[in-house]
Enquirer: 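Structure provided below as structure tokens; questions to follow.
First the proteins, then the strands, lettered A, B, ... as listed; each starts at 1. Basis for what follows: all heavy atoms, side chains included, without hydrogens, waters or symmetry-related copies.
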Amino acid sequence: MAPQKIAAAIIEYMARPPYLAAATIAGPGFINFRLADDWLAQQVERVLVAGDNFGRLAAGQGRPVQVEFISANPTGPLTFGSGRNAVLGDALAAVLEAAGYRVHREYYLNDVGNQMELFARSLRARYAEILGRPEQYPFPENGYPGEYLLDMARRLVSEVGDAWLNLEAAESQQIFYQEGLKRMVARIKADAAALNIHFDAWFSEKSLYDDGTYQRVFEKLQADGQLLEKEGAIWFKGETEDDKDNVVVRSDGRPTYFAGDIAYVYDKLVIRGFEQAIYIWGADHHGHVARIKAAARALGLDDSRVTIILYQLVTLERDGKPVRMGKRSKFVTLAEVVAEIGADATRFMLLTRSADSQMTLDLGLAVKQSTDNPVYYVQYGHARIASIFTKAAAEGVSTASPNLSLLTHPAELSLIRQILRLEEVVAHAANTKSPHHLTYYAQELAAAFHSFYHHCRVVGSNPALSAARLSLVKAAKIALANTLHLMGMTAPEQM
RNA sequence: GCCCCGGUAGCUCAAAGGAUAGAGCAACAGUCUUCUAAACUGUAGGUUACAGGUUCGAGUCCUGUCCGGGGCGCCA
């Protein structure tokens, strides 16, 4: 049967609820449903009643989900590269929360291993250097050269003097390790907080070894024949001939990062019982996706409970010239960028592109564009609404018992349509785990408002219409603020 | 060599296998005596890298090629 005929039949026999104004056949058999204008207008009431909860859905049914993000080694401040991870993870967490999941935000702290040892030795060398004793603890090969370690060492000198130079070498390594870690974590926490990101937990990798989780998981894998010994090391066996094996315990007896990963996924899914463990990783970690999923399977878990969101790396330019990133060379810190362009702009910019898209960011340009940056366009919409309310209060217009049926102007109706879309945008962003949709929606919602603002005067037309429009504008404010908050941004009353 | 991501308007990017592929910036032409012009209205701009294939229907899925980025067992 021709699609058009099927469409005609559906239209002929389908129910006609009152909210449906028309159903027409278009193109190659599509059915267009048109919502009744008055039904749309009445939806404003629903938005006002929902308030802060508008856009929250029941879909997730309170199921526990963990989003683990950033998790950068505590060997330096967060780099701008971590910014994308931070923004993606936090916005995804917010979206899942809005979709009705019980979300746990977590930072995995790699507080054991080579890198931390190297970090501690680097810090100690700086400390000795400042005290004029560089020969006692020479700067290690491949050590961390960043300025921040000099600063940290200077503070240590001012706090404890040269006392730590008199300690035995092993003991001093221990002290620099612990002090350095403590201070670095505090710094990272502050870096995240500057972006309005707060974790429910900072999970210590070390704790997996201390509390026996690692031992338990290791024994389970061994008992199940998932491990094998070769070349003096212990390997996690690939599932097929083509799969590669991965080292779990080095030939010197120390576990690898992967060992911690296996114990950690067990902790997430079995011990703590999260239904989903979501990881936010840079594309440079993509080689680890297969093995963490394989580890989950080896532990008898359904690997669909493990979701890895890979994002492409951000390359940075300043006025057209590439800026090198990475902890071992001169790098741009996240805090630096936030200080330069603000938390809201940083979040919006890093969230605008899908995780799959590579992005190059020009710092010079980001600052220069700050006045016509979309972030201001969206926030300005919110501020403009706030000023309407100031005006309305001065003129004595209220939203009490408005006659919403007066909302019939095309600009009013299209604003209502955009407001109502928030719910499907949240659902879509949660289903596809793509929080970048929020930024596009925010711009479309703001555009609908700005257009409305231009075409329809709120305060100053007849009182009944003013009351109805004020209600609409209040609903728009709710939708805009809720969207901004999902993106971790502020909704300013004034700009 | 193998694996992952991308290639869409001049630029930066969207697009749940569905209709005539959309925004912002840049360009061009207009709009402030008014609740904030950080705004609005309009015009122009496309062989969705290339070649095949699957499908009623492909930017989207499959195969191959080219270009850019990332990765490939005792670093994380």
Enquirer: Classify A:His285 by what it touches in the nucleic acid, base, sugar-phosphate, or nothing, heavy-atom distance under 4.0 Å.
Expert: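 Touches a base.
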
Enquirer: Given that A:Gln312 and A:Pro374 both sit by RNA chain B, which one's nearest nucleotide is further toward the 5' end?
Expert: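 Checking each residue's closest nucleotide, the 5'-ward one belongs to A:Gln312.
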
Enquirer: Where the side chain of A:Val458 is defined as all heavy atoms beyond and including C-beta, which of B:rC35, B:rA15, B:rA76 is the nearest nucleotide?
Expert: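 The listed nucleotide nearest to A:Val458's side chain is B:rC35.
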
Enquirer: Does B:rA15 have OP1 or OP2 under 4.0 Å away from a side-chain N or O of A:His436?
Expert: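 Yes, because at least one side-chain N or O of A:His436 sits under 4.0 Å from OP1 or OP2 of B:rA15.
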
Enquirer: Can you see if the side chain of A:Thr75 gets near the phosphate of B:rA76 - specifically, an N or O under 4.0 Å from OP1 or OP2?
Expert: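 No, outside the criterion.
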
Enquirer: Applying a 4.0 Å non-hydrogen cut-off, can you work out what A:Tyr440 is touching in the nucleic acid: base, sugar-phosphate, or nothing?
Expert: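 A:Tyr440: backbone/sugar contact only, no base atoms under 4.0 Å.
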
Enquirer: To the nearest angstrom, how far is A:Leu313 atom CG from B:rG69 atom P?
Expert: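 In whole Å, B:rG69 P lies 12 Å from A:Leu313 CG.
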
Enquirer: Without hydrogens or angle criteria, can the side chains of A:Asn32 and A:Thr24 be said to hold a donor-acceptor pair below 3.5 Å?
Expert: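 Short answer, no.
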
Enquirer: Base, sugar-phosphate alone, or nothing: which one does A:Asp261 contact when heavy atoms must sit under 4.0 Å apart?
Expert: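 The residue A:Asp261 makes no contact with any strand.
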
Enquirer: I need the CE-C1' distance between A:Met359 and B:rG68, as an integer number of Å.
Expert: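 Whole-Å distance recorded here is 17 Å.
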
Enquirer: For atom C1', what is the distance between B:rU48 and B:rA15, given to the nearest Å?
Expert: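 Looking at atom C1' only, B:rU48 and B:rA15 are 11 Å apart.
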
Enquirer: Roughly how many Å apart are B:rU12 and B:rU8, using the C1' atom of each and rounding to a whole number?
Expert: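 Comparing C1' positions in B:rU8 and B:rU12 gives a spacing of 12 Å.
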
Enquirer: How far, in whole Å, is B:rG24 from B:rU47 if one measures between their C1' atoms?
Expert: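 Here B:rU47 and B:rG24 have their C1' atoms 25 Å from each other.
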
Enquirer: Given atom CZ of A:Arg353 and atom C1' of B:rC5, what is their separation to the nearest angstrom?
Expert: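 After rounding, the reported distance stands at 16 Å.
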
Enquirer: State whether A:Asn114 places a side-chain N or O below 4.0 Å from either non-bridging phosphate oxygen (OP1 or OP2) of B:rC75.
Expert: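 For A:Asn114, the contact criterion (side-chain N or O under 4.0 Å from OP1 or OP2 of B:rC75) is met.
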
Enquirer: What orientation do A:Tyr108 and A:Tyr257 show, parallel under 30°, tilted 30 to 60°, or perpendicular over 60°?
Expert: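 If you compare the ring of A:Tyr108 with that of A:Tyr257, the planes turn out perpendicular.
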
Enquirer: Any idea which of B:rG70, B:rC35, B:rG73 is nearest the A:Arg457 side chain?
Expert: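 So the side chain of A:Arg457 is nearest to B:rC35.
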
Enquirer: Under 4.0 Å: is that the gap between some side-chain N or O of A:Arg250 and OP1 or OP2 of B:rC75?
Expert: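 It does, given that an N or O in the side chain of A:Arg250 lies less than 4.0 Å from OP1 or OP2 of B:rC75.
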
Enquirer: Which label fits B:rC32, syn or anti, where anti is any glycosidic angle not within 90° of 0?
Expert: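 This nucleotide is in syn.
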
Enquirer: Look at the aromatic rings of A:Phe119 and A:Tyr144 and report parallel, tilted or perpendicular, splitting at 30° and 60°.
Expert: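 Aromatic pair A:Phe119/A:Tyr144 classed perpendicular.
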
Enquirer: Tell me what A:Ser357 touches on the nucleic acid: a base, only sugar-phosphate, or nothing, going by heavy atoms under 4.0 Å.
Expert: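 Sugar-phosphate contact only.
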
Enquirer: Atom CZ of A:Arg84 to atom C1' of B:rG70: distance rounded to whole Å?
Expert: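 Rounded to the whole Å, the gap is 13 Å.
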
Enquirer: Under 4.0 Å, counting only non-hydrogen atoms across every strand here, what does A:His428 touch: a base, just sugar-phosphate, or nothing?
Expert: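 Counting heavy atoms under 4.0 Å across all strands, the contact made by A:His428 includes a base.
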
Enquirer: Within this structure, what is the CD-CZ distance for the pair A:Gln312 and A:Arg84, rounded to the nearest 0.5 Å?
Expert: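 Output value for this atom pair is 7.5 Å.
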
Enquirer: For B:rA51 versus B:rC66, give the span between their C1' atoms, rounded off to a whole number of Å.
Expert: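 Each nucleotide's C1' atom is 11 Å from the other's.
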
Enquirer: Would you classify A:Gln494 as touching base, sugar-phosphate or nothing, given that sugar-phosphate means primed atoms plus P, OP1 and OP2, and contacts are heavy atoms under 4.0 Å?
Expert: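 Since a base atom lies under 4.0 Å of A:Gln494, the category is base.
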
Enquirer: Describe the nucleic acid contact of A:Glu231 in one word from base, sugar-phosphate, nothing, applying a heavy-atom distance below 4.0 Å.
Expert: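 A:Glu231: base contact, heavy atoms under 4.0 Å.
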
Enquirer: Does A:Arg384 place a side-chain N or O at less than 4.0 Å from the phosphate oxygens OP1/OP2 of B:rA37?
Expert: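 Yes, within the criterion.
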
Enquirer: Does B:rG69 sit syn or anti, given that only angles within 90° of 0 count as syn?
Expert: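 Anti conformation here, the glycosidic angle of B:rG69 being more than 90° from 0.
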
Enquirer: Tell me whether the guanidinium CZ or amine NZ of A:Arg421 lies under 6.0 angstrom from the six-membered ring centre of A:Tyr441 and within 45° of its axis.
Expert: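 Relative to the ring axis of A:Tyr441, which defines the angle, A:Arg421 lies outside at least one limit.
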
Enquirer: Answer with base, sugar-phosphate or nothing: what part of the nucleic acid does A:Asp252 contact at a heavy-atom distance below 4.0 Å?
Expert: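 Result for A:Asp252 = nothing.
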
Enquirer: Going by centres under 5.5 angstrom and planes under 30 degrees, do the aromatic ring of A:Tyr377 and the base ring of B:rA38 stack?
Expert: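 Stacking between A:Tyr377 and B:rA38: absent.
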
Enquirer: Step through it carefully: locate the ring centre of A:Phe69, locate the ring centre of A:Phe199, and say whether they are under 6.0 Å apart.
Expert: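 Ring centroids of A:Phe69 and A:Phe199 are less than 6.0 Å from each other.
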
Enquirer: Please measure how far the P atom in B:rA26 lies from the corresponding atom in B:rA39, and state the result in whole Å.
Expert: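 Comparing P positions in B:rA26 and B:rA39 gives a spacing of 10 Å.
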
Enquirer: Could you measure between the two C1' atoms, the one in B:rA9 and the one in B:rC3, and give it in whole Å?
Expert: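 Straight-line distance between the two C1' atoms is 33 Å.
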
Enquirer: Measure the acute angle between the ring planes of A:Trp202 and A:Tyr107, then classify it against the limits of 30° and 60° as parallel, tilted or perpendicular.
Expert: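 A:Trp202 vs A:Tyr107 ring planes: parallel.
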
Enquirer: Classify the nucleic acid contact of A:His437 as base, sugar-phosphate or nothing, counting any heavy atom under 4.0 Å across all strands shown.
Expert: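 The residue A:His437 makes sugar-phosphate contact but no base contact.
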
Enquirer: What contact category does A:Ala283 fall into here, base, sugar-phosphate, or nothing, at under 4.0 angstrom with non-hydrogen atoms?
Expert: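 Sugar-phosphate, backbone atoms only, no base.
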
Enquirer: Need one value for A:Asp245: base, sugar-phosphate or nothing, where a base atom within 4.0 Å counts as base even if backbone is also close, heavy atoms only.
Expert: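 Touches a base.
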
Enquirer: Rounded to whole angstroms, how far apart are CD1 on A:Ile262 and C1' on B:rC74?
Expert: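 These atoms are roughly 13 Å apart.
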
Enquirer: How far, in whole Å, is B:rC61 from B:rC5 if one measures between their P atoms?
Expert: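 The same atom, P, in both gives a distance of 9 Å.
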
Enquirer: Is it the case that A:Asp267 and A:Thr213 place a side-chain donor and acceptor less than 3.5 Å from each other?
Expert: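 Side chains of A:Asp267 and A:Thr213: no pair found under 3.5 Å.
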
Enquirer: Have a look at A:Ser354 and say if it touches a base, only the backbone sugar-phosphate, or nothing, with a 4.0 Å heavy-atom cut-off.
Expert: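 If one applies the 4.0 Å heavy-atom cut-off, A:Ser354 turns out to touch the sugar-phosphate alone, with no base involved.
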
Enquirer: Determine the contact category for A:Tyr453: base if any of its heavy atoms lies under 4.0 Å from a base atom, sugar-phosphate if only primed atoms, P, OP1 or OP2 are that close, otherwise nothing.
Expert: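 A:Tyr453: base contact, heavy atoms under 4.0 Å.
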
Enquirer: So what does A:Ala383 hit on the nucleic acid, given a heavy-atom distance under 4.0 Å: a base, only sugar-phosphate, or nothing?
Expert: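 Base contact - A:Ala383 has a heavy atom under 4.0 Å of at least one base atom.
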
